[in-house]
Amino acid sequence: MSDNTSASNSDAAKGGSLAKTYQPADIEQPRYQEWESKGYFAPRGDGDPFCVMIPPPNVTGYLHMGHGFQESIMDCLIRYHRMKGDQTLWQVGTDHAGIATQMVVERLLGAEGKTRHDLGREKFIEKVWEWKEHSGGQITRQLRRLGASPDWSTERFTMDEGFYEAVQEVFIRLYEDDLIYRGKRLVNWDPALKTAVSDLEVISEEEDGKLWHLRYPLSEADGGPERYLIVATTRPETMLGDTAVAVNPNDERYQDLIGKTITLPMVGREIPIIADDYVDPEFGTGCVKITPAHDFNDYEMGQRHSLPMINIFDDTAHLNDQVPEKYQSMERFAARKQLVEDFEAAGLLEKIEPHKLKVPRGDRSGVVIEPYLTDQWYVRTQPLADEAIKTVEGGDIQFVPKQYENMYFSWMRDIQDWCISRQLWWGHRIPAWYDADGKVYVGKSEADVRAKHNLGGDITLSQDEDVLDTWFSSGLWTFGTLGWPEETERLKTFHPTSVLVTGFDIIFFWVARMIMLTLYFRKEVPFKTVYVHGLVRDSHGQKMSKSKGNVLDPIDLIDGIELPPLLEKRTAGMMQPQLKAKIEKQTKAEFEDGIAAYGTDALRFTYYSLASTGRDINFDVGRIEGFRNFCNKIWNAANYVLMNCEGKPCGENGESEYQLTLADRWIIARLQQTEAAVIEGIETYRFDLASQALYSFVWQEYCSWYLELCKPVLNSDDYSAEQKLGTRRTLVRVLETVLRLAHPFLPYVTEEIWQRVAPLAGASGETIMYAPYPQADASKADEQAIADIEWLKEVITTIRNIRGSMNISPATKLPVLCKGESTDDQQRLSANSQFLIKLANLESVTWLSAGDEIPPCATGLAGDMEILVPMAGLIDVTAEMARLDKEIGKLNNEIKRLSGKLGNDKFVANAPEAVVAKEREKLADYQTSLAKLNDQKAKISSLA
RNA sequence: GGGUGGUUAGCUCAGUUGGGAGAGCGACGGCCUUACAAGCCGUAGGUCACAGGUUCGACCCCUGUACCACCCACCA
């Protein structure tokens, strides 16, 4: 960093030379501020509308690698379309994230020893808003660091006023259309958060558990307690709420018991033995205890058999007063322990077996979810889902990659009603009121309800205490953000939106619900394409998680971080010292010197290079360094171009005569191919292919070859002024074009350089963001130039190869002799000798005529042409023999393979003629080459 | 129990209608060659998971197997 101070970079901004080395930290933030303050991100013009909705991140969240990836993809699409001249909107906003946000604030209160109930609802909500104001800017600030270019002027929040309107409107209309109802049924209850959650918010993982076999004695009248049957259960504590025991109706063992009763141990309640097909006679004992109020299957069975439902828990999963006094107020797992002991003491514990089972846990709280009988609001999803299925089947919405449609269909076809009420305080309050009798009225406000239903002042109304599931409001995101329920211009212009970029993990939570709700309220799709990307994992394919200590923060990759703060970050709040030690060790091993500051452009380019077809992304920090180097490469190439072109005519005004060299024509032709490849990559969401095309063009073609080919032209008197002008013109124009081509991927470095280069290329405009996106021009495809330069590259590479394997110093200028029958070769050689001499560092290059005396030489082949490097004083005979043998070996293998193939009559008879001809030609070429090398070997060996 | 994706160089991954296996990083050797040592030049490295099949010809198409990852499902 020593000689690349920020001072030198600010000089650059004033028009001095670019800083010697690429320093992203010096250019990125100032550039972003300029873009934002000048309002460049807002939609403009009257081109085709193109609109992307950001999946709203949690308002109080922070940016992780998944966001980084996703926003980078969106920004690339947005910048591409903006440059294409489309009327481009990237709608930004944040989500109130009901449970997540409320939990954070409750935790803060907890630190002060308070609960939300100490504050009361109103004060608590105030507190959440405060927290939102305080920390809510973080995620959007971080988004800016990524160079994201959404229209900040229309930023939305899922609990802003407009959204409140939209949410109410949707709720009321769905209610009036009988698509929302309220009902008492078994829901997934989170006893830590004390709220219902939807099926999707329950994660079932296999865990080690036990299967307790309990003896249930029959009633005395039926032969108990001597006669008993054995039930197997994973949750003994629920037995307090049992209201039946079920057996399979065809189970011969228990035929005589059906209809008899059991005296429930510890409780004394008489419960019937019933028969039901659901029971699998093979599992356990074939007898199942039935707890209708605390198990989804038992609930259904309870309904089929009209069993009583006894709710034994309170909302924190402690036992209530429906159980014997001994157990009241016990926590569920304590009660389990107690009951097992009591069963054992009573001689009623048959056995305990280890058992693997799926344990349902809340995705937020992590505690075991309890099926719990409560009143909740539901969306009747079937009719909505039917339409949503048809729409995707009909192709009006396309998933990329397509296989995610299967996932969507399978979920949609088996969809359950959606529980939308949450017993939280932070969220959209349900617009429903109850009178003293519990009769429900739905409307925009109490006044509205009173007016609509003619309710006088004597009737007391109270609003429903619950709020809506967060996804209920984010389901309206595409049209809610554009002004709905009002029919705004924005809505008309940008809806349906163009592409949704999202992770597969929220296809059900969000994508499916947006499709259902949007179709219902807009009669149109929310978006035409869903681009589904994978999860960002660590370099070994492990999920990034706090407990694994492998989390990378995108901001740290941009700004860099020293080892100590990185360690601190990764182990903060770690309760287990063992885990902490392990994470420290592994972090030290991986990031001995911390993480370098790579800058946003490098980070973005890494994401693109890893974004292939919908699979998960393994993020390797090693790769970002390579792409930071790539940015540096562009930077230095630009420096070189400026050095040679600034202050000299470059054809920017189009008035002077210029002439293009072969190299110029070649790089222009290759540029057309690159433009086509990059555009193809973006249009097909193959950002990996697009970035690959850019990378190899810039580095291999433009820098490694073209800039080198320019040097003889610019530095030698052998080229005319017209040729020099043509080369300068091409240098700046290709660079200027490639900057525009790369801008959606590398927004900062391209803008920074473009500001300097554009004038030389005759381009104007205040920002590269509004410069036109390059389009391939077929008239500039120059196959001849490409073939000629390929030939030249082959000759040069062959000479370099000889130099390399013979250990000849790069500084030694070599005399080279060429020999061949082809006049093409001879012409190409004489036309390009300047290039050849410079790039291969030759003393001379001579075309041999028949009969010329040939000294002992090292030999290489470029096509048919022999390239000879005289050995005198340079080349070791043994080494050259070895080199030739290697080449000869390769040729022999190929010849063997090809003659085998061509010797096969079936191949010759069946394969297309063109294929056969091609193979024959290759064989002939190889044989010629082989003969030449063998000749050389013979000559050399005589020297040994 | 159903379903999806994956298995290609030491690592991370491309491979377009079936016709001579590629990139980046890493490794090795040589270079401070006047844009760039964050660089330049060159080299090595693969039974394309396994087994069958179709075909003149298979990384590619078909069948099966193994392993990895993920999604869905009510087995007490």
Side-chain angles (χ1 to χ4, degrees), chain A residues 18 20-22 204 211 231-235 238 246 278-280 282-291 295-301 355 357-358 401 403-404 406-407 410-411 414 504-505 507-508 534-535 537 539-541 543 596 598 602 609-610 612-620 622-623 625-644 680 684 686 688-689 692 695-696 699 703-704 707-708 711 715 796-797 800-805 807-811 838 841 894 897-898 901 904-912 914-916 918-919 922:
Chain A
L18 290 173
K20 180 159 165 53
T21 306
Y22 166 67
S204 286
L211 197 56
V231 296
T233 180
T234 55
R235 303 202 51 197
T238 62
Y278 162 75
V279 180
D280 175 4
E282 305 296 319
F283 187 90
T285 57
C287 302
V288 187
K289 60 187 275 308
I290 303 300
T291 321
D295 181 283
F296 288 100
N297 294 309
D298 294 6
Y299 178 80
E300 281 177 26
M301 204 183 297
H355 181 68
L357 74 162
K358 290 282 175 74
Q403 76 248 17
Y404 284 106
N406 292 331
M407 204 167 129
S410 68
W411 187 70
D414 194 28
F504 68 91
D505 50 329
I507 288 182
F508 306 145
L535 220 60
R537 298 168 174 275
S539 60
H540 309 292
K543 218 166 174 163
Y598 297 112
S609 73
L610 295 170
S612 72
T613 50
R615 54 194 284 175
D616 284 352
I617 293 122
N618 294 352
F619 193 96
D620 186 347
R623 293 202 59 161
E625 185 177 352
F627 293 123
R628 188 271 318 262
N629 296 352
F630 177 55
C631 294
N632 186 47
K633 192 74 183 172
I634 299 176
W635 188 265
N636 284 308
N639 246 335
Y640 173 80
V641 172
L642 290 171
M643 197 186 298
N644 281 284
E680 167 82 9
T684 56
R686 289 302 303 270
D688 58 333
L689 299 181
Q692 166 76 30
Y695 184 95
S696 65
W699 202 311
C703 292
S704 293
L707 291 189
E708 296 305 319
K711 287 175 183 174
N715 299 332
I796 293 170
T797 305
R800 284 175 178 168
N801 177 322
I802 292 172
R803 194 190 281 277
S805 50
N807 249 328
I808 302 169
S809 157
K838 174 73 181 159
N841 196 27
E894 282 305 293
R897 195 179 61 80
L898 285 174
K901 200 168 181 180
N904 180 350
D905 293 342
K906 286 180 178 168
F907 171 69
V908 178
N910 290 316
V915 173
V916 178
K918 199 173 141 203
E919 300 292 274
K922 277 194 293 190

* Structure fact -> So the stems of RNA chain B, runs of at least three Watson-Crick or G-U pairs (under 3.5 Å), are B:1-7 with B:66-72, B:10-13 with B:22-25, B:27-31 with B:39-43, B:49-53 with B:61-65
Quick test: give all pairs of protein nitrogen or oxygen and nucleotides 53-57 of chain B nitrogen or oxygen below 3.5 Å, distance rounded to 0.1 Å.
| from | atom 1 | to | atom 2 | distance (Å) |
| --- | --- | --- | --- | --- |
| B/rC56 | O4' | A/K906 | O | 3.4 |
| B/rC56 | O4' | A/N910 | ND2 | 3.3 |
| B/rC56 | O2' | A/N904 | ND2 | 3.1 |

* Please name the pair of heavy atoms, one in A/L610 and one in A/F619, separated by the smallest distance, quoted to 0.1 Å. => CD1-CD1, 4.0 Å
* **Value in whole Å for how far the P atom of B/rC75 lies from CZ of A/F283** => 10 Å
* Asked: Does NZ or CZ of A/K711 lie under 6.0 Å from the centre of the six-membered ring of A/Y640, at an angle within 45° of the ring axis?
  -> yes
Expected rows: protein N/O vs nucleotides 27-36 of chain B N/O, under 3.5 Å:
| from | atom 1 | to | atom 2 | distance (Å) |
| --- | --- | --- | --- | --- |
| B/rA35 | OP1 | A/K711 | NZ | 3.0 |
| B/rA35 | N6 | A/C703 | O | 3.2 |
| B/rA35 | N3 | A/N636 | O | 3.3 |
| B/rA35 | N3 | A/A637 | N | 3.3 |
| B/rC36 | O2' | A/N636 | ND2 | 3.2 |
| B/rC36 | O2 | A/K633 | NZ | 2.9 |
| B/rC36 | N3 | A/K633 | NZ | 2.8 |

* Structure fact -> Hits for ring-ring contact (aromatic ring centres under 6.0 Å, His included) against A/Y598, two or more places apart or cross-chain, chain-then-number order -> none
* Please give, in whole Å, the distance from B/rG39 C1' to A/I634 CD1? -> 15 Å
* **Rounded interatomic separation in angstrom, taking CG from A/D688 and P from B/rU16** => 12 Å
* Over how many whole Å does the gap from A/K289 atom NZ to B/rA76 atom P extend? -> 12 Å
* To do: Determine the Euclidean distance between corresponding C1' atoms of B/rU47 and B/rU43; express it in Å to zero decimal places.
  => 24 Å
* Output all residues satisfying ring-ring contact (aromatic ring centres under 6.0 Å, His included) with A/F508, sequence neighbours left out; order by chain, then residue number. => A/W411
* Quantified in whole Å, what is the P atom distance between nucleotide B/rU17 and nucleotide B/rC50? -> 24 Å
* Nearest-Å distance, CD (A/E300) to C1' (B/rA76)? -> 14 Å
* Short side-chain N/O contact to B/rG15 OP1/OP2 from A/R686, under 4.0 Å -> yes
Nucleotide N/O of nucleotides 4-7 of chain B paired with protein N/O under 3.5 Å:
none

